Each structure stands twice: as C-alpha cells, then as structure tokens.
Amino acid sequence: MNNNGDFKGYKGEALAALKNFNAPVWSDVEIKTEKGGYKGIILPRSETADQFHIVLKLRSGYNIGVAAKYIKEIKTTGSKEAHYKIPEKEFPYDPVKPRVKLFGTGGTIASRLDYRTGAVIPAFSPGELYGSVPELADYCNLETEKLYGVFSENMGPEQWIGTALAIGREIEKGVQGIVIGHGTDVMHHTAAMLSFMVQNTPVPIVMVGSQRSSDRPSSDAALNLIHAVKTAAESDIAEVMVCMFGPTSDEYGLLHRGTRVRKMHSSYRSTFRTIGDIPIAQVSREKITPLREDYKKRRLDKNVIVNTSFEEKVSIVYYYPNMKPDIIDSLVDNGYKGIVIAGTGLGHVNKPVYPALKRAHEKGVAVYMTVQTLWGYVQMYVYDTGRDMMELGVVPGENMLPEVAYMKLCWALGQTNDLEKVKEIMLTPIAGEITEREPSNGYLIFQGGIPEVEEFISKYRK
Ligand code: ASP
C-alpha cells in the first residue's frame with residue numbers, strides 16, 4: 001500500500017476528498033464521479049494550484065483535473081511513485097559523423113514535469129537525451145552544454161550575449177552544427193538577436209523548443225529535436241534558424257529564418273510561422289527540402305563574426321487608439337535611447353502623440369515605426385500624417401517585424417549613439433529582416449469556414 005502517506009500540495013475541498021477516501025498522492029485509484037469514472041494515479045498538486053481539483057495521471061499518460069465536489073468514491077488499488085531520472089545511455093561515438101553541439105537555455109524542451117511541485121526539471125546530458133531520443137545518434141556525435149535553465153521570458157542581454165559568445169567559441173573549435181534548446185515564448189526574439197550578434201556563420205545554428213513537455217503523449221519535444229539535430233548535422237544552410245512543427249500533424253518541421261519568424265499560437269505545436277515570406281526549408285527524419293535558394297551556404301572556414309553590442313534602454317510601444325503622449329514622454333524622461341512603435345495600418349499613431357515624438361527626437365532618442373499587421377511594409381508616404389511623422393524624426397522600419405526591429409535597435413544603439421549611424425545599421429539588411437518584397441504565397445492565414453482551408457485543416461485535425 002501507499003507508504004507516502006501525504007497529500008502534497010492539496011488543500012481545501014480536494015484535500016478533504018482525498019482524506020475522506022484515504023487516498024494519498026501516488027495512490028493508484030479508480031475514481032467514481034457523478035460524471036463518470038477514471039483510473040489513474042493521484043499526482044501531487046502544485047502548491048499554487050486551486051483547492052477544487054484532484055490531478056490524476058490517466059493510463060494514457062494525460063493528466064486531468066477531477067473536480068472534488070463530483071467525487072462519489074475513490075478506490076485505491078495500489079501505489080506508484082513516479083521516478084524522475086531519465087535512463088542515461090552512453091551516446092555512441094562514430095568517427096564519420098559530424099560533431100554537433102547542443103546548448104540548453106531552458107524552456108519546456110529541457111524539462112519534464114516534476115509532479116511534486118508542478119514545476120519542471122531538466123533532462124539534458126547527452127546520455128539522458130540519447131536515453132530518451134536514440135535517433136539523435138543517427139545523425140551526429142552530440143555534445144551538450146547547459147548555458148542557462150530559464151523559461152524564455154527570463155532571457156535578457158546577459159543570456160543573449162552569453163549564448164552568442166558560446167556559439168562563436170564552438171564554431172572556432174570546429175563544430176559542424178549548433179542546436180540551441182530554448183523556451184518557445186521568446187524564441188523569435190532570441191533568434192533575431194543571434195542573427196545580428198552572430199554573423200557570417202559557416203555552419204547551421206538551429207533554435208528548437210517544444211510546446212508540450214516530453215512527459216505528455218502529444219509532446220513535440222522529440223520530433224523537433226530530431227529535426228533540429230538533423231538540420232545542424234546535415235543541412236547546407238548556414239544561418240540562424242528556428243526549427244519547429246510545420247503542420248499540426250507530425251509530418252514535417254519547418255526551418256524559419258531567424259529574423260522572419262514569430263510565435264503565433266499560444267498552445268498549438270505548429271505555432272511558429274514565417275511572416276511576410278516563405279520558410280527556408282522543410283525537414284523530416286529522412287530529408288531536408290529547401291523551399292528557396294537564397295539562403296547562405298555552409299562553409300568549411302571558421303570565420304564567424306560575433307558582435308555582442310547591446311543597449312538596454314530600448315522599448316517597444318504597441319500603439320492603441322487614444323494613446324496619450326505621456327507614454328512616450330515617460331520613456332524619454334526615463335532615459336530611453338530607442339523606441340520601436342508598432343503602429344496601426346501602414347504605421348500610424350494618433351495626432352496627440354506627435355509632440356511627444358518630436359520631443360523624443362530632439363532629445364536624441366531613436367524612434368522607429370513598424371506595423372501591428374505584421375505582414376506588409378510601413379508606408380509613411382501614403383498619407384500626409386505619415387509624412388508629418390517622418391518630419392518629426394520617426395524612421396519607417398520597412399517590413400521588419402516589431403520584435404525584430406526592437407532587438408536590432410538594442411543591438412544598433414549598443415554600437416553607437418549617432419542617430420545617422422544607427423539608421424544606417426537599422427536599414428541595412430543583415431539577415432533577411434528587411435526584404436525587397438513579400439511574396440503573395442508568404443501570406444497565409446488559415447480562415448476556418450473557407451472550403452479549401454477546411455479541407456486542408458481536416459486532413460490534420462486529430
Ligand atoms: N514558457 C515556456 C518558455 O518559453 C514555454 C515553452 O518552452 O514552450 O520557456
């Protein structure tokens with residue numbers, strides 16, 4: 001029987017139900033409720049979670065919450081405490097395979113659920129990775145290094161600079177490909193930053209993450225990792241890329257250019273989309289299929305250029321109707337040196353904000369305009385309001401995505417305060433962040449209800 005004897009994390013109604021039926025955590029149980037029955041293991045409850053539900057790990061591997069108030073009976077049939085350790089197996093060495101370095105920065109990809117706290121714990125050494133995803137050895141000799149262990153919202157200049165320097169060091173040591181495990185939430189910020197900080201890379205630099213942790217049956221962690229490692233080891237694309245699920249099925253992954261990619265869905269595995277362009281390539285376990293030819297090719301030299309300049313006093317302002325000028329004024333008064341505005345339509349803000357923009361410019365603040373629509377260019381010549389704003393010193397940021405313009409402005413202002421030089425850096429494309437045109441097939445938003453789209457989606461709906 002259960003020797004754990006406690007009710008970790010449970011409180012209130014849920015705790016009362018468990019005590020009532022003498023079912024501590026890790027009990028293997030059959031629960032009867034007014035709405036049906038469930039079989040599974042009672043997991044510890046996260047300390048911050050509500051007091052109304054009991055968390056059950058079903059036989060299928062899914063965790064569900066059972067409302068305590070509907071429970072009629074809990075029958076304990078045994079007890080099974082989870083073990084967190086992932087079996088370590090020595091990663092096989094094969095002299096003919098390329099050397100790939102995997103850097104970990106954290107995020108769901110580096111984690112498994114810790115049922116005790118509801119938090120996640122890392123699974124990271126090559127042995128652990130090989131233990132859980134043996135296919136990785138088909139492509140390369142893998143080395144791993146944990147740089148950070150943060151959820152990606154905690155990434156900042158320290159981590160960006162550290163990661164860029166670590167990449168530079170590995171390339172100089174002769175690695176043939178780099179994979180960076182990263183939380184998905186701000187993966188596109190980091191991808192943009194690395195595209196500017198690490199230039200002229202001779203090898204693929206592939207960012208990868210997972211939307212669902214590896215203890216869930218629907219996890220995308222293993223497949224994304226396989227695709228990313230294959231890309232790093234074998235592809236001839238020497239750019240900073242994001243490698244994540246393509247369609248919602250697991251047919252293939254997509255390789256997105258680091259400056260044109262964005263997380264577009266809070267929970268779908270197919271969340272990353274190339275915006276205003278088409279992805280660089282498709283990747284499956286078997287092959288990498290380029291979708292375009294203009295990518296930078298793999299080289300044998302080690303001539304990477306790392307420039308980790310960074311100015312922290314930069315902000316991004318998402319314009320909303322009725323915005324007051326004090327938003328801009330307060331940034332200027334707080335010593336901000338750069339502001340990226342995500343404006344409406346072709347790049348607009350309301351008239352009352354104009355004087356604040358003028359003042360910002362006069363105080364030497366670099367102000368750049370981008371568009372909330374994400375697809376398309378800022379066009380400030382179309383309306384006289386746009387021309388007025390340019391006269392106030394607002395610089396149109398072409399078709400740079402707002403977050404990309406933000407990261408680039410941090411990088412540019414890290415190098416110089418001279419606004420003309422900043423402008424030259426900002427408007428000279430470095431890694432595809434500004435393109436001459438956006439192809440029409442680079443614009444695709446699934447609109448349910450349209451027959452062609454419904455047919456396409458139905459193929460992938462699970
Ligand atoms: N919050 C997590 C992160 O970005 C989510 C993830 O990894 O997908 O670190």
Side-chain angles (χ1 to χ4, degrees), residues 46-49 61-63 84 86 102-115 117-124 128-129 132-133 144-164 166 178-195 205-229 231 240-250 253-256 258-259 261-275 316 401-404 406-407:
S46 152
E47 271 120 41
T48 52
Y62 276 105
N63 298 348
Y84 308 130
I86 300 166
L102 170 66
F103 287 120
T105 65
T108 304
I109 183 115
S111 333
R112 308 177 75 214
L113 254 193
D114 176 348
Y115 296 115
T117 57
V120 282
I121 53 169
F124 202 56
E128 282 177 330
L129 282 175
S132 35
V133 193
T144 62
E145 185 178 336
K146 180 180 167 189
L147 295 176
Y148 312 102
V150 295
F151 283 124
S152 64
E153 57 271 28
N154 300 307
M155 291 296 287
E158 182 194 329
Q159 290 76 16
W160 289 318
I161 292 170
T163 307
I178 288 179
V179 176
I180 302 160
H182 197 286
T184 55
D185 296 352
V186 311
M187 193 188 288
H188 52 290
H189 293 81
T190 301
M193 195 73 260
L194 294 176
S195 305
I205 300 174
V206 193
M207 299 199 62
V208 67
S210 71
Q211 281 277 77
R212 311 212 179 131
S213 61
S214 53
D215 62 332
R216 295 179 59 180
S218 62
S219 174
D220 47 340
L223 198 59
N224 286 341
L225 201 56
I226 291 169
H227 290 157
V229 165
T231 304
V240 176
M241 293 169 268
V242 163
C243 173
M244 291 287 291
F245 252 57
T248 49
S249 71
D250 51 10
L254 285 172
L255 298 175
H256 305 275
T259 56
V261 63
R262 198 169 188 283
K263 184 171 182 175
M264 298 300 283
H265 197 283
S266 60
S267 58
Y268 278 7
R269 295 172 301 179
S270 55
T271 174
F272 282 89
R273 303 280 105 187
T274 287
I275 310 284
I316 183 163
L401 293 167
E403 297 86 359
V404 174
Y406 166 71
M407 298 308 298

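Please read these numbers as outputs of a predicted model, since none were measured by experiment. Start at 1 and go down the list; that is how both ligands and their atoms are numbered. Heads up: numbering here begins at 1 and tracks the sequence.
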**Q** Under 3.5 Å, is there a donor-acceptor pair linking the side chains of S152 and H182?
**A**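 Note: S152 and H182 side chains miss the donor-acceptor criterion.
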
**Q** Does a side-chain heavy-atom distance below 4.5 Å link M207 with L194?
**A**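 Heavy-atom side-chain distance check passes, below 4.5 Å.
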
**Q** Look at the aromatic rings of H188 and F272 and report parallel, tilted or perpendicular, splitting at 30° and 60°.
**A**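 The rings of H188 and F272 stand perpendicular, inter-plane angle above 60°.
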
**Q** Check whether any side-chain N or O of Q211 sits under 3.5 Å from a backbone N or O of Y268 as a donor-acceptor pair, and report yes or no.
**A**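 Yes, the answer is positive, given that a donor and an acceptor are paired below the 3.5 Å cut-off.
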
**Q** Can you tell me if K263 and T271 form a side-chain donor-acceptor pair at under 3.5 Å?
**A**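 No pair is found: no donor N or O on one side chain lies under 3.5 Å from an acceptor on the other.
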
**Q** Between ligand 1 and the protein, which N/O pairs fall short of 3.5 Å?
**A**
unit_1, atom_1, unit_2, atom_2, d
ligand 1, 1 (N), D185, OD2, 2.9
ligand 1, 4 (O), S152, OG, 2.5
ligand 1, 4 (O), T184, N, 3.3
ligand 1, 4 (O), D185, N, 3.0
ligand 1, 4 (O), D185, OD2, 3.4
ligand 1, 7 (O), T108, N, 2.8
ligand 1, 7 (O), T108, OG1, 3.0
ligand 1, 7 (O), T184, N, 3.2
ligand 1, 8 (O), T108, OG1, 3.4
ligand 1, 8 (O), T184, N, 3.4
ligand 1, 8 (O), T184, OG1, 2.5
ligand 1, 8 (O), S210, O, 3.0
ligand 1, 9 (O), S152, N, 2.7
ligand 1, 9 (O), S152, OG, 3.4

**Q** For the backbone of S210 and the side chain of D220, can you confirm whether one donor and one acceptor N or O come within less than 3.5 Å of each other?
**A**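 It does not hold such a pair.
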
